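Here's the structure we're looking at; comments come further down.
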Amino acid sequence: MILAEINVHITPQEIELQRQTINSIKLSLSGEKRYAMVETFGCQQNVNDSQRIEGMLLQMGFTLTDEKDLADVIIFNTCAIRENAHAKVYGKLGALKHLKAKKPSLVIGICGCMVQQEQIAKRIKSKYRHVDLIFGTHALWKFPSLLNDALEHSQKVFDISGEGSIAEGLPVNYDGGARAFVSIMYGCNNFCSYCIVPYVRGRERSRSEADILSEIEYLSKNGVREVMLLGQNVNSYGKDRGETDAFAKLLLKVCEISGIERIRFMSSHPKDISPLLLHTMAAEEKICNQLHLPLQSGSNKVLSDMNRVYTREKYLEIIALAKKLMPDIALTTDIIVGFPTETEADFEDTLSLLREVKFDSIFSFIYSPREGTRAAQMPNVSTPEEIDKRFQKLLDVQNNISYERNLRHEGNIETVLVSGRSKTDPDMLTGRNYANKIVNFKGDDSLIGTFTDVKITKAQTWILYGEKL
Ligand code: SF4
């Protein structure tokens, strides 16, 4: 297992070398129409990393495609959080064997958190010999050179070198919509006992404020109206440089950028969220009154076994302050069911906390052991059947709460940032309100990318419906 101990800033010379490689690939491809496909698994951070890979591919002259039969380069950007994410990737890699046999020039690459784990990267290297390119999260910035080695020299490329790094100045493929993700920091220092992230993404390292602000200014000039600031624990932003309250200060600076009307962020760790941050959210109109605050469990015993470093009482204190300062705040959280030491009584503590807080929605998962983490060594006190039952009960309880929370929007006039046509009902436009809830309504395409006032007429558990005013 690789753990990044050293944070390095990639030098401008190293970035320049990658830019030159991008140009030389572009030259070598000129005149030929070549396609590339990037498939992303996992979280928003991975989506943002894939946008970087796509940005580099576009600058090399590739056309992006979703059709693997058409592709000359296929990259899977993987996730390590749960076992089923691994199984999916193995299945997809296996299915490409036959495509590679038909088209030997096809370059197949796999990157991201899954292959940052040495034992997995080695397994793929030996068992999936049709894979040309394996690179970890810390080598992402070297993608042009790595791809060049695979393309030009038909080499098998393997780079999971483990130093935490920040690389600025490489292209990013923003999708052209009015919303964009902006990573403000990478890595995590928390070592929650179930989590693989600190091992595969390294220790916390914050981008400079200047780099973040100039990226957001660029986005604003190119039509972006809403930014989601990303980090494993945004409340730690700047702490690696010895700064305090740097995240709240950064938010204030982002508020000053003209054209940016909405600011969101995720994720926050309850141990690091400060009253100052909540006061800043409440005071600044551009910062949405919406907070994703991962809880994981409502039981103090389980929280301690998870190494979460807060108690249910502390969590409820934060929520009480958030609600006091922002009575309309929309709250979401993450819950793990079936942590090895979780008993029925512990699970009831989680349910009681859900009923007390009334989250707008939750992201819930059945615990999945990750090799190399502390929790993977803990014996299970519950059977899989008991855990499945708990999971179903959790969903039933939360679905009722989510519906109840959505009902409060009925009759409101809410501003929606319209993102496009609804995938499930193309007659409807779709967008998000301040609470990040999906709102569908009828309207014409000219509204896409704009803020539009919509009267909410009907609430369902996951969607709000409305009429354009
Ligand atoms: S805070 Fe905990 S759960 Fe979140 S990324 Fe860090 S170690 Fe994983």
Side-chain angles (χ1 to χ4, degrees), residues 1-5 7 41-49 77-83 85-86 112-114 116-117 136-138 162 164 166 181 183-207 228-240 246-247 265-274 277 291-300 302-312 314-315 318 332-342 350 362-378:
M1 187 156 287
I2 303 286
L3 175 62
E5 298 271 358
N7 296 334
F41 301 82
C43 65
Q44 282 95 341
Q45 193 89 53
N46 260 16
V47 172
N48 196 229
D49 285 349
N77 186 9
T78 61
C79 169
I81 297 279
R82 269 167 284 284
E83 191 54 42
H86 283 196
C113 294
M114 185 174 156
Q116 190 63 53
Q117 299 164 91
T137 50
H138 306 302
I166 295 183
F181 295 136
S183 295
I184 62 164
M185 59 190 297
Y186 306 100
C188 181
N189 288 356
N190 289 315
F191 292 93
C192 300
S193 65
Y194 53 84
C195 183
I196 196 80
V197 167
Y199 301 96
V200 293
R201 289 225 168 236
R203 299 293 174 94
E204 286 172 0
R205 49 209 188 273
S206 306
R207 292 179 69 196
M228 168 80 88
L229 307 183
L230 295 179
Q232 304 297 341
N233 177 15
V234 288
N235 302 108
S236 277
Y237 174 75
K239 286 189 182 164
D240 52 324
F247 182 55
F265 54 86
M266 76 184 294
S267 282
S268 290
H269 194 301
K271 80 175 170 49
D272 291 312
I273 195 162
S274 65
L277 177 73
L291 181 64
H292 182 74
L293 195 62
L295 166 69
Q296 310 302 5
S297 171
S299 150
N300 281 339
V302 174
L303 286 173
S304 163
D305 293 343
M306 287 177 164
N307 193 31
R308 290 291 289 175
V309 207
Y310 55 85
T311 59
R312 90 182 250 133
K314 168 80 184 154
Y315 188 93
I318 301 164
T332 56
T333 197
D334 297 333
I335 301 287
I336 294 173
V337 177
F339 186 78
T341 61
E342 182 190 82
T350 300
I362 63 169
F363 299 86
S364 49
F365 310 96
I366 290 183
Y367 168 76
S368 154
R370 305 286 68 213
E371 196 184 333
T373 60
R374 268 205 303 120
Q377 309 298 320
M378 298 178 187

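Indexing begins at 1, ligand by ligand and atom by atom, following the structure's order. Keep in mind that this is a model prediction, so the values were computed, not measured.
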Could you tell me whether F191 approaches ligand 1 through its side chain, its backbone, both or neither, with non-hydrogen atoms closer than 4.0 Å?
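For F191, only backbone atoms sit under 4.0 Å from ligand 1.
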
Answer side chain, backbone, both or neither: which part of P198 comes under 4.0 Å from ligand 1, heavy atoms only.
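Only the side chain of P198 comes within reach of ligand 1.
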
Regarding C192, does it place an N, O or S atom less than 2.8 Å from atom 2 (Fe) of ligand 1?
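Of the N, O and S atoms in C192, at least one lies under 2.8 Å from atom 2 (Fe) of ligand 1, which means yes.
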
Determine the interplanar angle of the Y310 and Y315 rings, folded into 0 to 90°, and report it as parallel if under 30°, tilted if 30 to 60°, perpendicular if over 60°.
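Tilted: the ring planes of Y310 and Y315 meet at 30° to 60°.
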
Relative to the heavy atoms of [X], which atoms of ligand 1 are at a distance of less than 4.0 Å?
X: H269; result: 1 (S)
X: C188; result: 1 (S), 5 (S), 6 (Fe), 7 (S)
X: C195; result: 3 (S), 5 (S), 7 (S), 8 (Fe)

Side-chain donor or acceptor of N300 paired with backbone N/O of R312 under 3.5 Å:
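Looks like yes, one N/O pair under 3.5 Å.
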
Would you confirm whether N233, through its side chain, and C188, through its main-chain N or O, come within 3.5 Å as a donor-acceptor pair?
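No.
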
Would you say R308 contacts ligand 1, with heavy atoms under 4.0 Å as the rule?
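R308 counts as a contact of ligand 1 under the 4.0 Å cut-off.
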
Between E342 and Y367, does any side-chain donor sit less than 3.5 Å from a side-chain acceptor?
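Per modelled atom types, E342 and Y367 side chains form no pair under 3.5 Å.
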
Testing the 3.5 Å rule here: is there a donor-acceptor pair between the side chains of S268 and N235?
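There is such a pair (donor and acceptor under 3.5 Å, judged by atom type) between the side chains of S268 and N235.
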
Given D272, which of K314, R308, K239 fulfils the salt bridge (charged side-chain N to carboxylate O under 4.0 Å, His left out) condition?
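Single salt bridge (charged side-chain N to carboxylate O under 4.0 Å, His left out) partner of D272 among K314, R308, K239: K239.
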
